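Since we're looking at a predicted model, the values are computed, not measured. Just so we're on the same page: letters track the sequence lines, and every chain starts at 1.
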Number of protein chains: 2
Amino acid sequence: MAKVTLQTIADRLGVSRATVSYAFSRPDQVSAELRRRVMEVADELGYAGPNPTARSLRLGRAGALGLLFSETLAYAFADPYAVGFFQGLATAAEDAGVGLLILPLPHGDKRTEPVRNAVVDAFCVVSLPDGHPALDEVLGRKLPVVVVDEPYVPGHPFLGIDEPAAGALAARHVLELGHRRLGVAMVGLHDDGHIGWSDVARQRAATFEAMRGRRAGYQAAAEEAGVDWARVPFYELSRNSREAGRQAGHALLARHPRPTAILTNTDVLALGVLDAAADLGLDVPGELSVVGFSDSAAQDAGLTTIRQAKQEIGAEAGRLLLAGPPARPGRVLFPHELIVRASTAPPPPEQR
Amino acid sequence: MAKVTLQTIADRLGVSRATVSYAFSRPDQVSAELRRRVMEVADELGYAGPNPTARSLRLGRAGALGLLFSETLAYAFADPYAVGFFQGLATAAEDAGVGLLILPLPHGDKRTEPVRNAVVDAFCVVSLPDGHPALDEVLGRKLPVVVVDEPYVPGHPFLGIDEPAAGALAARHVLELGHRRLGVAMVGLHDDGHIGWSDVARQRAATFEAMRGRRAGYQAAAEEAGVDWARVPFYELSRNSREAGRQAGHALLARHPRPTAILTNTDVLALGVLDAAADLGLDVPGELSVVGFSDSAAQDAGLTTIRQAKQEIGAEAGRLLLAGPPARPGRVLFPHELIVRASTAPPPPEQR
DNA sequence: ATTAAGGTCTTAATTGATTAAGGAGGCAGG
DNA sequence: CCTGCCTCCTTAATCAATTAAGACCTTAAT
């Protein structure tokens, strides 16, 4: 019951290892009769087929794409946006017949061996904070890399949306409806677990590039409309969950004067804000407007949101990595659009 | 710019390859000075670090777990139950510092090379139909395997719930409330894309073992309560989506006499049935009771459902595969429980 | 009969590392 | 001075395959 290799079979049959290899991988190179006997002996010995690792080594292809998420996987898959992206990527991988190796980013510490030891042909990096050690590790592997959403790495393809523009689009929507008392709830700005109010300095210091840009878009649109951003209550979350959104909603809606429009970072958060509004008996959109982001969980709730092509981004990432070398570096920005549903309307008249 | 290996560095420095290997993997075996020079030259040559494939071959460990879903990945991740399971598994993998290699099951045909060539230490198989060729391929690899949900493979650990009991529990709940006019909407019985009514013969011939068992539980409970199962309208779906559930709901609710209780296979389907009820202006639970399954998307909608420990199952699967050999075969059944929420109530009095 | 062409199998190089065992040199203790 | 023990490095086996090139034999064409 020891290890069975090609050689074991070859010895049994008194032929060379090469012949057995051919019998498996190139049947026409071997007589039908011998091939039959090879298979017979293989079966008898319980041979598991040519060892994929050895094969990979010899062929120089791993047959897998490495995938790196910033978050714990358990958390990433709770986010409909991530799931959408993942579906796109998975489809591309499927079409190419390669696997998707999901790499863990160990919790707090910087143990990055999984990245160093990953048997993959290329990496797809999604939403890593600036300067995350795993990114260096990935770049050190000298394999093709594409980055999705953040951070932009000069010299490698980047896929995402124009975050400042998208943020501004969301903000401008409520501003144009006449809102002046804004509130913001955002997740994924920093990596430090902070939950609560953030001043402008902290907002600008966000370590996640995409969210930093999105927020800058909010601010730009607000200031363009004459709103003093420093006065806009800004609640930061560390988890993207409906419950977190509700918490932020309660915090924001307890302010005096109460915001008439709340911008959120994700649809899931927006749903939580809607919950908070419901808790307080506030009419949406009559007394409060809420805007989500991603159009990932917005439809059923009638949420106004920014739609981004998550699946397309995933599919394109896969294509770039699987189509060989000519993936030229630079940012590829995908379209986004404002989807107006039933969660936004002009502010009540008495609110100006 | 050719390939840089340990040997390249060794040659440059006039030392042996082994020394360079030690410099990377066992710093204490080499003088600090030499190690410094090794790193320097490695840097200079753009060495990407010890080749993981070669390393894997030599060490005999792949550092990854293979994961096989029956469905297209794009589809699997639309299912909250699958996501929950996956979270559990991912957490276990993360703790062990191994990756998760998601393998594509090519669409229609039986191209199973991805399974044959997967560089993994073990396989986790989830919800494959009876006799799926990929399963044979997996077993042929002679690696540790655990099967989740289906199909049971003698000689390998199996994780899941007691499906017939869980199905019976769901059915008995509405039967005990007094319902006699049942309707059923199920997905994932067959692999053939069929959508529409199914007679008992077809129901029993389902190729997915778990769903077959669950359905048998429904039937057993119904007959126990004196309901003629052959008369219970049974609508089969091929996709687990809210839209599919709505379609089934409309079909079932158009029957005369109209069912007063609808059992569904998944929470997502149940949500769709609720949509259909809303379309028809039916009061739930006043005029119609609906039961979901999995407690994966039921909470917000106030859905009565069967809760199963998805994450625990995933975590346990990971543990079994990563803890080495002593995973003894046999079925491990996880607990399930009935969660009664606001979607079930006694039938309206005039309905008997 | 000679040569060419196939068909079938073998030889041997190659893929890129890890690691047990051993050798050389330096230093301290007896 | 000899011995033993380190420290640092080398030798060489090993992991399990793939594949170009060549050897050998048979058959068919010229």
Side-chain angles (χ1 to χ4, degrees), chain A residues 2-39 41-42 45-63 113 116-121 140-143, chain B residues 2-39 41-42 45-63 113 116-121 140-143:
Chain A
K3 234 152 293 160
V4 183
T5 71
L6 285 187
Q7 190 69 65
T8 321
I9 300 178
D11 291 349
R12 262 290 185 104
L13 285 168
V15 301
S16 78
R17 169 166 79 254
T19 306
V20 181
S21 175
Y22 281 133
F24 276 97
S25 60
R26 214 149 331 161
D28 53 315
Q29 297 287 303
V30 141
S31 70
E33 163 60 11
L34 181 55
R35 183 174 136 82
R36 203 191 46 68
R37 277 163 52 218
V38 166
M39 294 309 172
V41 172
L45 294 177
Y47 180 57
N51 180 309
T53 307
R55 185 171 231 272
S56 268
L57 175 59
R58 182 61 233 244
L59 299 182
R61 326 174 313 105
E113 293 106 64
R116 221 197 308 273
N117 294 330
V119 179
V120 299
D121 297 313
R141 288 287 304 269
K142 320 257 169 169
L143 291 174
Chain B
K3 235 151 293 160
V4 183
T5 72
L6 285 188
Q7 190 68 66
T8 321
I9 300 178
D11 292 348
R12 261 295 183 104
L13 285 168
V15 301
S16 78
R17 167 166 82 256
T19 306
V20 182
S21 175
Y22 281 133
F24 276 96
S25 60
R26 213 150 331 162
D28 53 315
Q29 296 287 304
V30 141
S31 70
E33 162 60 11
L34 181 55
R35 183 174 136 82
R36 203 191 46 69
R37 279 165 51 219
V38 166
M39 294 307 172
V41 171
L45 294 176
Y47 181 58
N51 180 311
T53 307
R55 185 171 231 273
S56 267
L57 174 60
R58 183 61 235 241
L59 299 182
R61 323 174 316 104
E113 294 105 65
R116 221 197 308 273
N117 295 330
V119 179
V120 299
D121 296 313
R141 289 287 305 269
K142 321 258 166 165
L143 291 173

Shortest non-hydrogen contact between A/A23 and A/V30, atoms and distance: N-CG2, 4.2 Å

Annotated protein contacts, base or backbone, on nucleotides 8-17 of chain C with a non-hydrogen cut-off under 4.0 Å, one of B, S, - each: SSBB-BBBBB

Euclidean distance, atom CZ of residue B/R61 to atom C1' of C/dT19 [Å, nearest integer]: 16 Å

Rounded distance in Å - CZ (B/F24) to P (C/dT18): 9 Å

Pairs where residues 21-34 of chain A contributes a residue and the test side-chain hydrogen bond (donor to acceptor under 3.5 Å, both in side chains) is met, not counting sequence neighbours: A/E33-A/R36

Taking only nitrogen or oxygen atoms into account, show me every contact under 3.5 Å that the protein makes with nucleotides 22-28 of chain D, one pair per line with its distance.
none

Donor-acceptor contacts under 3.5 Å from residues 10-18 of chain A side chains, at least two apart:
from, atom 1, to, atom 2, distance (Å)
A/D11, OD1, A/Q7, NE2, 3.0
A/R12, NH1, A/E44, OE2, 3.0
A/S16, OG, A/A18, N, 3.4
A/S16, OG, A/T19, N, 3.3
A/S16, OG, A/T19, OG1, 3.1
A/R17, NH1, A/Q7, OE1, 2.4

Between D/dC9 (C1') and B/D11 (CG): distance, integer Å: 16 Å

Minimum heavy-atom distance between A/I9 and A/L45, given as atom pair plus value: CG1-CD1, 4.1 Å

Where B/F24 and B/L6 come nearest, the two heavy atoms and their spacing: CD1-CD2, 4.1 Å

Which atom of A/R116 lies closest to which atom of A/R141, heavy atoms considered: O-NH1, 3.1 Å

Stem regions touching DNA chain C, defined by at least 3 consecutive Watson-Crick or wobble G-U pairs below 3.5 angstrom: C:1-30 with D:1-30

Pair up each side-chain donor or acceptor in residues 48-59 of chain B with any protein partner under 3.5 Å, not counting sequence neighbours, and list the distances.
from, atom 1, to, atom 2, distance (Å)
B/N51, OD1, B/T53, N, 2.7
B/N51, OD1, B/A54, N, 3.1
B/S56, OG, B/P52, O, 3.4
B/S56, OG, B/R61, O, 2.9

